[in-house]
Amino acid sequence: MAATLLFFLLLAAVIILLAILLALYLVPVTVSTVADCGRESLRGTATVAWGIVGARVRADEDVQVFEVLLAGRRVMVRDIREMAAAKPEEEKKVEEPKPALPVGEYVDAARDLWPHIQRIVAAIYRSLYLEILRGEVTLGLESPASTGVVYGYCTAARYALWPAEAIDLVLTPDFDHEVFEGTFTLRVQIRRPLLIVIPVVQALLQKPVRQRLRQVSGRGAPGA
């Protein structure tokens, strides 16, 4: 009886693990940002979502909140300013600052970690997919001539990016006032997140990598 129960528990664990891996492969991570800059206001929203689970940060002059989302509905809301101002119940002991590592140690660590960093960056680059990059800006500088120069460069860049349907940047010059206002929208998908997790896990499973990371973070002895 005990052996049968253990078998079913292990089977359930394997099924759950396979389901998570399959979800990491099939379900993309979506990162979106919307910012609105006005003459007297500035507000923005950043959202990260994976399937039905997500997190969102909203900020303006009055409200700065962190929200946890489930199927698009808020299930938890925290005020960021209150979180930053909250004091721990127990005072932590003040530790003496550790001496900084020599620059050569950071250079050596970067050289040793570079092959792993390169593989991770390559995996991220292959997984990124730009859905929307849109901006509508009204710009006026102190000098109308400078405004005209910036407008010329932005117009040239806009036509150069014209084949990229996901990118749409519009600049409206204001030669009479000094102003900067507009809206920005960015939406990016990270497809096949599992392909990024794999090189990260492979790197962390290697003892030299963990030693180097502990060293540069100040938790390991130099040269260890």
Side-chain angles (χ1 to χ4, degrees), residues 13-14 16-35 44-51 53-57 59 66 68 80 83-84 92-135 153-154 156-158 160-161 163-169 184-224:
V14 170
I16 292 173
L17 179 60
L18 290 176
I20 293 174
L21 293 177
L22 184 62
L24 282 172
Y25 185 77
L26 296 178
V27 181
V29 175
T30 302
V31 181
S32 59
T33 303
V34 178
T45 302
T47 306
V48 178
W50 181 58
V53 181
R56 180 171 61 197
V57 174
F66 171 78
V68 176
I80 296 177
M83 294 169 59
K92 295 183 178 180
K93 295 181 180 179
V94 179
E95 299 181 357
E96 295 182 2
K98 297 181 179 180
L101 294 176
V103 176
E105 294 289 344
Y106 290 103
V107 174
D108 292 341
R111 184 175 60 247
D112 294 340
L113 296 175
W114 176 245
H116 306 285
I117 296 173
Q118 200 171 20
R119 284 192 288 270
I120 294 171
V121 171
I124 294 174
Y125 177 76
R126 289 193 298 268
S127 299
L128 283 180
Y129 175 76
L130 178 64
E131 288 190 338
I132 296 175
L133 175 57
R134 182 178 299 130
Y153 280 120
C154 290
R158 182 187 181 190
L161 296 171
E165 297 181 358
I167 301 177
D168 185 16
L169 303 174
F184 300 89
T185 302
L186 172 65
R187 183 181 173 91
V188 177
Q189 274 194 357
I190 303 176
R191 297 180 173 180
R192 309 287 192 264
L194 181 62
L195 301 183
I196 301 174
V197 174
I198 290 174
V200 172
V201 173
Q202 287 176 338
L204 293 178
L205 287 177
Q206 300 185 29
K207 187 176 180 181
V209 172
R210 298 196 301 272
Q211 289 177 333
R212 278 300 191 186
L213 291 175
R214 285 197 298 268
Q215 176 188 336
V216 297
S217 66
R219 291 180 295 175

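Quick note: numbers below take in every heavy atom, side chains included, and nothing from hydrogens, waters or symmetry partners. Numbers here are sequence positions counted from 1.
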>> Let's go through V53 and V68 carefully: what are the C-alpha distance in whole Å and the side-chain angles of both, what is the deciding distance for side-chain contact (heavy atoms from CB on, under 4.5 Å) to 0.1 Å, and is it a yes or a no?
In response: CA-CA 8 Å; V53 181; V68 176; 5.6 Å; no
>> side-chain contact (heavy atoms from CB on, under 4.5 Å) for V57 and I80? Distances and angles first, verdict last.
In response: CA-CA 9 Å; V57 174; I80 296 177; 3.8 Å; yes
>> Would you compute the distance between atom OG1 of T185 and atom CG of D168 and round it to the nearest 0.5 angstrom?
In response: 10.5 Å
>> Is there a side-chain contact (heavy atoms from CB on, under 4.5 Å) between L128 and V188? Walk through the geometry before answering.
In response: CA-CA 7 Å; L128 283 180; V188 177; 3.7 Å; yes
>> Around atom CZ of R134, are there more than 12 heavy atoms from other residues, nucleotides or ligands closer than 6.0 Å?
In response: no
>> Test your reading of the model: is there a side-chain donor-acceptor pair from W50 to the backbone of V27, 3.5 Å cut-off?
In response: yes
> Is a side-chain donor or acceptor of R210 paired with a backbone partner of L204 at a separation under 3.5 angstrom?
Replying inline: yes
> How many angstroms lie between atom CG of L26 and atom CG of L21, to the nearest 0.5 angstrom?
Replying inline: 11.0 Å
> Going from CG on L24 to CD1 on I198, what distance comes out if it is rounded to the nearest 0.5 angstrom?
Replying inline: 9.5 Å
> Nearest heavy-atom pair of R192 and Y25: which atoms, and what distance?
Replying inline: CD-O, 3.0 Å
> What residues form a salt bridge (Lys or Arg N to Asp or Glu O under 4.0 Å) with R187, not counting sequence neighbours?
Replying inline: E131
> Between atom CZ of R126 and atom CG of L195, what is the distance when rounded to the nearest 0.5 Å?
Replying inline: 7.5 Å
>> With heavy-atom distances below 4.5 Å as the criterion, would you say the side chains of I190 and I196 are in contact?
In response: yes
> Judged by atom type as modelled, is there a donor-acceptor pair below 3.5 Å linking the side chain of S127 to the main-chain atoms of P193?
Replying inline: no
> What closest approach, in Å, do L130 and A166 show between heavy atoms, and which atom pair accounts for it?
Replying inline: O-CB, 3.8 Å
Could you list the donor-acceptor pairs under 3.5 angstrom formed by side chains in residues 112-121, with sequence neighbours left out?
| from | atom 1 | to | atom 2 | distance (Å) |
| --- | --- | --- | --- | --- |
| D112 | OD2 | R212 | NE | 2.9 |
| D112 | OD2 | R212 | NH2 | 2.7 |
| H116 | ND1 | R119 | NH2 | 3.0 |

> Taking atom CD1 of I132 and atom CD of Q189, what is their separation to the nearest 0.5 Å?
Replying inline: 10.5 Å
>> Can you tell me how far apart OH (Y129) and OG1 (T30) are? Round to the nearest 0.5 Å.
In response: 11.5 Å
